[in-house]
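Below is one structure; the comments refer to it alone.
For reference, positions follow the sequence shown, starting with 1. Keep in mind that what you see is a predicted model, and the values were worked out from it rather than measured.
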Amino acid sequence: MASEFAEKAKEAFMDDEFQLAVDCYTKAIDFDPQNADFFADRAQANIKLNNFTEAVADANKAIELNPKLAKAYFRKGTACMKLDEYYTAKSALEKGSSLAENDSRFTKLIEECDKSIAVENNDLAKPLSPDLPRSSTPLTKPVTSVKPKYRYEFYQKANEVVVTIFAKKIAATSVTIEFGEQILSVTIDVPGEDAYHFQPRLFGKIIPGKCRYEVLSTKVEIRLAKAEAINWTSLEYSSEISVLQKVNVPSAVASQRPSYPSSKKTRDWDKLEAEVKKEEKEERLDGDAGVNKLFRDIYQNADEDMRRAMMKSFVESNGTVLSTDWKDVGAKKVEGSAPEGMEVKKWEY
(Lines give C-alpha, C1' and ligand atoms only; values in the text may rest on other atoms or scores of the structure.)
Protein backbone atom coordinates (compact mmCIF):
# COMPACT_ATOMS: atom_id res chain seq x y z
CA MET A 1 0.00 0.00 0.00
CA ALA A 2 2.73 2.45 0.93
CA SER A 3 4.57 1.94 -2.35
CA GLU A 4 1.32 2.35 -4.30
CA PHE A 5 0.68 5.77 -2.78
CA ALA A 6 4.34 6.75 -3.20
CA GLU A 7 4.11 5.99 -6.93
CA LYS A 8 0.92 8.04 -7.21
CA ALA A 9 2.71 10.88 -5.40
CA LYS A 10 5.60 10.79 -7.86
CA GLU A 11 3.22 10.90 -10.79
CA ALA A 12 1.36 13.85 -9.27
CA PHE A 13 4.64 15.68 -8.66
CA MET A 14 5.69 15.19 -12.29
CA ASP A 15 2.33 16.63 -13.35
CA ASP A 16 2.90 19.69 -11.11
CA GLU A 17 0.03 18.62 -8.85
CA PHE A 18 2.03 19.30 -5.71
CA GLN A 19 -0.86 19.29 -3.23
CA LEU A 20 -1.93 15.89 -4.52
CA ALA A 21 1.66 14.72 -4.15
CA VAL A 22 1.70 15.85 -0.50
CA ASP A 23 -1.59 14.04 0.12
CA CYS A 24 -0.32 10.80 -1.45
CA TYR A 25 2.97 10.91 0.48
CA THR A 26 0.95 11.45 3.66
CA LYS A 27 -1.00 8.28 2.90
CA ALA A 28 2.22 6.39 2.17
CA ILE A 29 3.67 7.56 5.51
CA ASP A 30 0.54 6.35 7.30
CA PHE A 31 1.31 2.83 6.05
CA ASP A 32 5.09 3.06 6.47
CA PRO A 33 6.03 5.74 9.04
CA GLN A 34 9.67 4.59 9.19
CA ASN A 35 10.43 5.30 5.51
CA ALA A 36 12.83 8.27 5.38
CA ASP A 37 12.43 8.68 1.61
CA PHE A 38 8.71 9.38 1.94
CA PHE A 39 9.37 12.25 4.37
CA ALA A 40 12.19 13.65 2.21
CA ASP A 41 10.04 13.52 -0.92
CA ARG A 42 7.07 15.11 0.85
CA ALA A 43 9.44 17.88 1.91
CA GLN A 44 10.18 18.55 -1.77
CA ALA A 45 6.46 18.77 -2.59
CA ASN A 46 5.92 21.13 0.36
CA ILE A 47 8.72 23.36 -0.93
CA LYS A 48 6.89 23.63 -4.25
CA LEU A 49 3.78 24.75 -2.32
CA ASN A 50 5.84 27.29 -0.32
CA ASN A 51 5.11 25.30 2.85
CA PHE A 52 8.65 25.83 4.05
CA THR A 53 8.06 25.19 7.75
CA GLU A 54 6.41 21.84 6.94
CA ALA A 55 9.25 21.04 4.54
CA VAL A 56 11.85 21.57 7.28
CA ALA A 57 9.86 19.34 9.64
CA ASP A 58 9.67 16.59 7.01
CA ALA A 59 13.38 16.86 6.22
CA ASN A 60 14.27 16.69 9.93
CA LYS A 61 12.18 13.53 10.30
CA ALA A 62 13.86 11.99 7.26
CA ILE A 63 17.29 12.78 8.74
CA GLU A 64 16.23 11.28 12.07
CA LEU A 65 15.22 8.04 10.31
CA ASN A 66 18.23 7.97 7.97
CA PRO A 67 21.13 10.30 8.88
CA LYS A 68 22.91 9.41 5.61
CA LEU A 69 20.11 10.49 3.26
CA ALA A 70 21.73 13.33 1.30
CA LYS A 71 18.54 14.59 -0.34
CA ALA A 72 16.98 15.22 3.08
CA TYR A 73 19.80 17.64 3.96
CA PHE A 74 19.46 19.34 0.57
CA ARG A 75 15.74 19.89 1.04
CA LYS A 76 16.21 21.10 4.61
CA GLY A 77 18.82 23.57 3.39
CA THR A 78 16.58 24.77 0.56
CA ALA A 79 13.59 25.32 2.86
CA CYS A 80 15.67 27.04 5.55
CA MET A 81 17.05 29.47 2.97
CA LYS A 82 13.49 30.39 1.99
CA LEU A 83 12.84 31.08 5.68
CA ASP A 84 16.01 33.25 5.90
CA GLU A 85 17.54 30.67 8.26
CA TYR A 86 20.92 30.89 6.54
CA TYR A 87 23.12 29.49 9.30
CA THR A 88 20.87 26.45 9.75
CA ALA A 89 20.66 26.03 5.98
CA LYS A 90 24.43 26.14 5.57
CA SER A 91 24.96 23.56 8.32
CA ALA A 92 22.49 21.16 6.66
CA LEU A 93 23.97 21.69 3.20
CA GLU A 94 27.52 21.10 4.39
CA LYS A 95 26.47 17.82 5.97
CA GLY A 96 24.64 16.78 2.80
CA SER A 97 27.62 17.77 0.67
CA SER A 98 29.86 15.42 2.65
CA LEU A 99 27.46 12.59 1.80
CA ALA A 100 27.16 13.50 -1.90
CA GLU A 101 30.59 14.85 -2.85
CA ASN A 102 29.93 14.97 -6.59
CA ASP A 103 26.66 16.91 -6.33
CA SER A 104 27.41 20.51 -7.33
CA ARG A 105 23.98 21.68 -6.13
CA PHE A 106 25.21 21.66 -2.55
CA THR A 107 28.21 23.84 -3.40
CA LYS A 108 26.03 26.36 -5.21
CA LEU A 109 23.57 26.74 -2.33
CA ILE A 110 26.35 26.95 0.25
CA GLU A 111 27.81 29.87 -1.72
CA GLU A 112 24.40 31.55 -1.72
CA CYS A 113 24.18 31.05 2.06
CA ASP A 114 27.60 32.66 2.54
CA LYS A 115 26.52 35.69 0.48
CA SER A 116 23.28 36.09 2.45
CA ILE A 117 25.09 35.75 5.77
CA ALA A 118 27.62 38.40 4.65
CA VAL A 119 24.78 40.75 3.69
CA GLU A 120 23.15 40.24 7.10
CA ASN A 121 26.40 40.95 8.91
CA ASN A 122 27.07 44.06 6.80
CA ASP A 123 23.60 45.41 7.55
CA LEU A 124 24.27 45.09 11.26
CA ALA A 125 27.63 46.83 10.95
CA LYS A 126 26.56 49.76 8.75
CA PRO A 127 28.01 53.12 9.94
CA LEU A 128 25.92 56.21 10.65
CA SER A 129 24.83 58.24 7.64
CA PRO A 130 27.22 61.20 6.93
CA ASP A 131 24.17 63.51 6.82
CA LEU A 132 23.49 62.95 10.51
CA PRO A 133 25.07 65.33 13.05
CA ARG A 134 28.24 63.97 14.60
CA SER A 135 29.00 64.02 18.30
CA SER A 136 32.36 65.18 19.57
CA THR A 137 32.12 62.54 22.30
CA PRO A 138 32.70 58.93 21.26
CA LEU A 139 29.61 56.74 21.52
CA THR A 140 29.81 54.12 24.25
CA LYS A 141 26.76 52.11 23.19
CA PRO A 142 25.20 51.18 19.83
CA VAL A 143 22.49 53.37 18.37
CA THR A 144 19.12 51.62 18.35
CA SER A 145 15.90 52.40 16.54
CA VAL A 146 13.21 54.29 18.41
CA LYS A 147 10.63 51.54 18.01
CA PRO A 148 11.30 48.24 16.25
CA LYS A 149 8.57 47.04 13.92
CA TYR A 150 8.22 43.44 12.86
CA ARG A 151 6.33 42.05 9.91
CA TYR A 152 4.01 39.12 10.50
CA GLU A 153 2.22 36.54 8.36
CA PHE A 154 -0.15 33.68 9.09
CA TYR A 155 -1.46 30.50 7.49
CA GLN A 156 -3.85 27.89 8.76
CA LYS A 157 -4.67 24.22 8.93
CA ALA A 158 -8.05 22.73 9.79
CA ASN A 159 -7.41 22.87 13.54
CA GLU A 160 -4.46 25.26 13.82
CA VAL A 161 -3.33 28.76 12.86
CA VAL A 162 0.40 29.45 12.54
CA VAL A 163 1.51 33.06 13.06
CA THR A 164 5.06 34.06 12.10
CA ILE A 165 6.60 37.30 13.41
CA PHE A 166 9.79 38.08 11.48
CA ALA A 167 12.14 39.26 14.22
CA LYS A 168 15.80 38.37 13.71
CA LYS A 169 18.27 37.37 16.41
CA ILE A 170 15.90 37.87 19.33
CA ALA A 171 16.75 36.09 22.57
CA ALA A 172 14.04 33.80 23.90
CA THR A 173 14.20 35.64 27.23
CA SER A 174 13.10 38.82 25.45
CA VAL A 175 9.87 37.26 24.21
CA THR A 176 6.70 36.98 26.29
CA ILE A 177 3.58 35.43 24.79
CA GLU A 178 0.23 34.84 26.47
CA PHE A 179 -2.88 33.17 25.10
CA GLY A 180 -6.46 34.08 25.96
CA GLU A 181 -9.77 32.68 24.78
CA GLN A 182 -9.73 35.00 21.77
CA ILE A 183 -6.66 37.13 22.45
CA LEU A 184 -3.01 36.73 21.48
CA SER A 185 -0.57 38.90 23.44
CA VAL A 186 3.02 39.19 22.19
CA THR A 187 5.71 41.34 23.79
CA ILE A 188 9.28 41.54 22.47
CA ASP A 189 11.38 43.55 24.90
CA VAL A 190 14.93 43.92 23.60
CA PRO A 191 17.36 45.72 25.96
CA GLY A 192 18.09 49.23 24.69
CA GLU A 193 14.98 49.34 22.49
CA ASP A 194 11.35 50.27 23.00
CA ALA A 195 9.21 47.19 23.66
CA TYR A 196 7.18 45.80 20.78
CA HIS A 197 3.57 44.86 21.53
CA PHE A 198 1.20 42.87 19.35
CA GLN A 199 -2.18 42.11 20.90
CA PRO A 200 -4.87 41.31 18.33
CA ARG A 201 -8.36 40.10 19.07
CA LEU A 202 -8.36 36.91 17.05
CA PHE A 203 -10.80 35.98 14.31
CA GLY A 204 -11.95 32.90 16.22
CA LYS A 205 -11.60 31.33 19.63
CA ILE A 206 -8.55 29.25 20.56
CA ILE A 207 -7.62 26.66 23.20
CA PRO A 208 -4.91 28.40 25.30
CA GLY A 209 -3.61 25.19 26.87
CA LYS A 210 -2.82 23.69 23.48
CA CYS A 211 -1.15 26.78 22.00
CA ARG A 212 2.65 27.01 21.82
CA TYR A 213 5.46 29.09 20.34
CA GLU A 214 9.13 28.85 19.39
CA VAL A 215 11.79 31.56 19.12
CA LEU A 216 14.09 30.95 16.14
CA SER A 217 17.06 32.94 14.84
CA THR A 218 15.02 34.92 12.28
CA LYS A 219 11.46 34.73 13.59
CA VAL A 220 9.01 33.85 16.32
CA GLU A 221 6.62 31.08 15.29
CA ILE A 222 3.32 30.86 17.17
CA ARG A 223 0.87 27.95 16.84
CA LEU A 224 -2.73 28.66 17.84
CA ALA A 225 -5.03 25.69 18.46
CA LYS A 226 -8.49 26.45 17.05
CA ALA A 227 -11.45 25.88 19.34
CA GLU A 228 -13.61 25.20 16.27
CA ALA A 229 -12.78 23.84 12.84
CA ILE A 230 -13.64 27.02 10.96
CA ASN A 231 -11.81 28.87 8.21
CA TRP A 232 -10.26 32.12 9.41
CA THR A 233 -10.55 34.70 6.62
CA SER A 234 -8.18 36.97 8.56
CA LEU A 235 -6.06 36.79 11.69
CA GLU A 236 -7.88 39.57 13.52
CA TYR A 237 -11.55 39.81 14.37
CA SER A 238 -13.74 42.24 12.44
CA SER A 239 -17.35 43.13 13.21
CA GLU A 240 -18.00 43.28 9.46
CA ILE A 241 -17.38 39.54 9.16
CA SER A 242 -20.59 37.75 10.06
CA VAL A 243 -20.25 34.37 8.34
CA LEU A 244 -17.70 31.76 9.34
CA GLN A 245 -16.85 29.16 6.72
CA LYS A 246 -16.75 25.64 8.06
CA VAL A 247 -13.71 23.62 7.08
CA ASN A 248 -14.49 20.23 5.55
CA VAL A 249 -12.60 17.65 7.60
CA PRO A 250 -13.38 14.21 6.12
CA SER A 251 -10.77 12.30 8.11
CA ALA A 252 -8.16 12.58 10.86
CA VAL A 253 -5.45 12.71 8.21
CA ALA A 254 -7.06 15.65 6.44
CA SER A 255 -7.22 17.60 9.70
CA GLN A 256 -3.42 17.59 9.90
CA ARG A 257 -2.85 19.17 6.50
CA PRO A 258 -2.99 22.89 5.58
CA SER A 259 -6.02 23.94 3.55
CA TYR A 260 -5.30 25.51 0.18
CA PRO A 261 -7.74 26.84 -2.43
CA SER A 262 -7.80 24.61 -5.49
CA SER A 263 -9.76 24.33 -8.71
CA LYS A 264 -8.97 20.61 -8.97
CA LYS A 265 -11.51 17.92 -8.19
CA THR A 266 -11.41 16.58 -4.65
CA ARG A 267 -10.54 12.93 -4.18
CA ASP A 268 -12.21 10.46 -1.86
CA TRP A 269 -9.14 8.92 -0.23
CA ASP A 270 -11.15 6.39 1.79
CA LYS A 271 -12.71 5.15 -1.45
CA LEU A 272 -9.31 5.03 -3.17
CA GLU A 273 -7.82 3.07 -0.29
CA ALA A 274 -10.74 0.60 -0.36
CA GLU A 275 -10.27 0.09 -4.10
CA VAL A 276 -6.55 -0.61 -3.70
CA LYS A 277 -7.24 -3.09 -0.91
CA LYS A 278 -9.86 -4.77 -3.08
CA GLU A 279 -7.38 -5.05 -5.95
CA GLU A 280 -4.79 -6.55 -3.62
CA LYS A 281 -7.32 -9.05 -2.27
CA GLU A 282 -8.38 -10.15 -5.75
CA GLU A 283 -4.83 -10.29 -7.10
CA ARG A 284 -3.78 -13.76 -8.24
CA LEU A 285 -0.15 -14.74 -7.85
CA ASP A 286 1.74 -17.85 -8.92
CA GLY A 287 4.49 -19.91 -7.30
CA ASP A 288 6.05 -18.83 -4.00
CA ALA A 289 4.40 -15.43 -4.23
CA GLY A 290 0.97 -17.09 -4.38
CA VAL A 291 1.76 -19.33 -1.41
CA ASN A 292 3.03 -16.39 0.63
CA LYS A 293 -0.07 -14.37 -0.19
CA LEU A 294 -2.34 -17.29 0.79
CA PHE A 295 -0.46 -17.70 4.07
CA ARG A 296 -0.67 -13.95 4.74
CA ASP A 297 -4.41 -13.75 3.99
CA ILE A 298 -5.26 -16.73 6.21
CA TYR A 299 -3.01 -15.48 9.02
CA GLN A 300 -4.52 -11.99 8.90
CA ASN A 301 -8.07 -13.28 9.44
CA ALA A 302 -7.18 -16.00 11.95
CA ASP A 303 -7.67 -15.98 15.73
CA GLU A 304 -4.79 -16.41 18.19
CA ASP A 305 -4.96 -20.24 18.35
CA MET A 306 -5.09 -20.55 14.56
CA ARG A 307 -2.05 -18.30 14.21
CA ARG A 308 -0.10 -20.33 16.76
CA ALA A 309 -1.00 -23.52 14.92
CA MET A 310 0.04 -22.06 11.57
CA MET A 311 3.41 -20.87 12.83
CA LYS A 312 4.20 -24.10 14.72
CA SER A 313 3.21 -26.43 11.89
CA PHE A 314 4.97 -24.37 9.22
CA VAL A 315 8.26 -24.05 11.15
CA GLU A 316 8.47 -27.62 12.49
CA SER A 317 7.61 -29.16 9.11
CA ASN A 318 10.15 -26.98 7.28
CA GLY A 319 7.37 -25.35 5.29
CA THR A 320 5.68 -28.54 4.09
CA VAL A 321 2.65 -28.55 6.45
CA LEU A 322 0.26 -25.70 7.25
CA SER A 323 -2.38 -26.39 9.90
CA THR A 324 -4.87 -24.07 11.61
CA ASP A 325 -5.96 -26.65 14.24
CA TRP A 326 -4.11 -25.90 17.46
CA LYS A 327 -5.71 -28.87 19.24
CA ASP A 328 -4.15 -31.16 16.63
CA VAL A 329 -0.62 -29.68 16.45
CA GLY A 330 -0.23 -28.07 19.86
CA ALA A 331 0.71 -31.20 21.78
CA LYS A 332 2.99 -32.86 19.24
CA LYS A 333 5.84 -32.14 16.89
CA VAL A 334 4.72 -31.67 13.32
CA GLU A 335 6.68 -33.88 10.97
CA GLY A 336 7.45 -32.79 7.43
CA SER A 337 5.31 -34.11 4.62
CA ALA A 338 6.88 -34.07 1.17
CA PRO A 339 4.78 -33.78 -2.01
CA GLU A 340 4.07 -36.95 -3.97
CA GLY A 341 7.17 -38.26 -5.73
CA MET A 342 9.54 -36.50 -3.33
CA GLU A 343 11.08 -37.34 0.02
CA VAL A 344 12.07 -35.33 3.08
CA LYS A 345 15.76 -35.25 3.90
CA LYS A 346 17.43 -33.82 6.99
CA TRP A 347 20.45 -31.68 6.26
CA GLU A 348 23.45 -31.68 8.56
CA TYR A 349 25.38 -28.45 9.08
Side-chain angles (χ1 to χ4, degrees), residues 50-54 56-57 60 79-92 113 116-129 131-135 137-157 159-227 232-239:
N50 294 330
N51 299 339
F52 303 122
T53 302
E54 284 83 352
V56 173
N60 282 336
C80 284
M81 288 181 68
K82 295 293 185 180
L83 294 168
D84 295 336
E85 296 274 354
Y86 300 116
Y87 289 97
T88 304
K90 182 178 178 181
S91 176
C113 281
S116 298
I117 291 172
V119 170
E120 272 192 351
N121 292 336
N122 287 338
D123 286 342
L124 293 174
K126 281 183 178 178
L128 292 174
S129 169
D131 296 328
L132 295 176
R134 296 176 178 269
S135 171
T137 305
L139 295 174
T140 58
K141 62 179 180 178
V143 177
T144 58
S145 58
V146 176
K147 183 179 181 180
K149 295 182 180 179
Y150 304 116
R151 177 174 62 90
Y152 79 87
E153 293 179 354
F154 85 100
Y155 70 90
Q156 63 185 303
K157 303 179 184 180
N159 296 315
E160 185 181 63
V161 175
V162 181
V163 182
T164 302
I165 299 177
F166 296 92
K168 294 183 178 181
K169 299 183 179 180
I170 301 297
T173 54
S174 299
V175 180
T176 303
I177 298 181
E178 297 178 354
F179 306 101
E181 186 178 9
Q182 200 171 348
I183 291 291
L184 168 64
S185 178
V186 180
T187 300
I188 301 178
D189 193 2
V190 179
E193 299 178 357
D194 291 342
Y196 167 83
H197 298 283
F198 179 55
Q199 192 176 42
R201 181 184 179 188
L202 300 171
F203 180 91
K205 292 185 178 181
I206 60 176
I207 305 173
K210 293 185 178 181
C211 298
R212 62 190 189 279
Y213 70 93
E214 185 176 9
V215 180
L216 303 173
S217 63
T218 60
K219 63 184 179 181
V220 179
E221 189 172 89
I222 306 165
R223 294 183 175 271
L224 306 173
K226 292 182 180 178
W232 290 21
T233 57
S234 66
L235 179 63
E236 300 186 43
Y237 172 84
S238 172
S239 58

What's the spacing between [X] [atom1] and [Y] [atom2] if we round to 0.5 Å?
X    : Y    : atom1 : atom2 : answer
M81  : S116 : CE    : OG    : 5.5 Å
T88  : L83  : OG1   : CG    : 9.5 Å
L202 : I183 : CG    : CD1   : 6.5 Å
Y86  : I117 : OH    : CD1   : 9.0 Å
I177 : S185 : CD1   : OG    : 9.0 Å
T218 : I170 : OG1   : CD1   : 11.0 Å

So do [Y] and [X] actually touch side chain to side chain, heavy atoms under 4.5 Å?
X    : Y    : answer
V162 : F154 : no
K226 : V161 : yes
I188 : V186 : yes
L224 : L184 : yes
F203 : E236 : no

Note to self: Taking ring pair (Phe, Tyr, Trp, His ring centres under 6.0 Å) as the definition, give me every residue that meets it alongside Y152, ordered by chain and number, with sequence neighbours left out.
What the structure shows: F198
Testing the basics here: between [X] and [Y], what is the closest heavy-atom pair and its distance to 0.1 Å?
X    : Y    : result
S174 : P191 : OG-CD, 4.1 Å
A225 : C211 : N-SG, 3.4 Å
A195 : D189 : CB-OD1, 3.9 Å
I222 : F179 : CG2-CE2, 3.7 Å
F52  : A79  : O-CB, 3.8 Å

Next item on the list: List the steps and the verdict of side-chain contact (heavy atoms from CB on, under 4.5 Å) for S217 and E85.
Entry: CA-CA 7 Å; S217 63; E85 296 274 354; 2.6 Å; yes
Margin query: My understanding is that only residues two or more places apart in sequence, or in another chain, count here; which of them pass salt bridge (Lys or Arg N to Asp or Glu O under 4.0 Å) with E221?
Written below: K219, R223
Checklist line | Test log, rule side-chain contact (heavy atoms from CB on, under 4.5 Å), inputs T53 and Y155 | finding: CA-CA 11 Å; T53 302; Y155 70 90; 4.0 Å; yes
Item checked: Side-chain (Q156) to main-chain (W232) donor-acceptor, under 3.5 angstrom -> yes
Notebook entry, point to check: Does any pair with a residue in residues 199-212 pass salt bridge (Lys or Arg N to Asp or Glu O under 4.0 Å), and if so which ones, sequence neighbours excluded?
Noted result: E160-R212, E181-K205
Margin query: In terms of relative ring orientation, are Y196 and Y150 parallel, tilted or perpendicular, with 30° and 60° separating the classes?
Written below: perpendicular
Next item on the list: Decide side chain to side chain donor-acceptor pair (under 3.5 Å) for T164 and E153; before the verdict, give the C-alpha distance in whole Å, the side-chain angles of both, and the deciding distance to 0.1 Å.
Entry: CA-CA 5 Å; T164 302; E153 293 179 354; over 6 Å; no
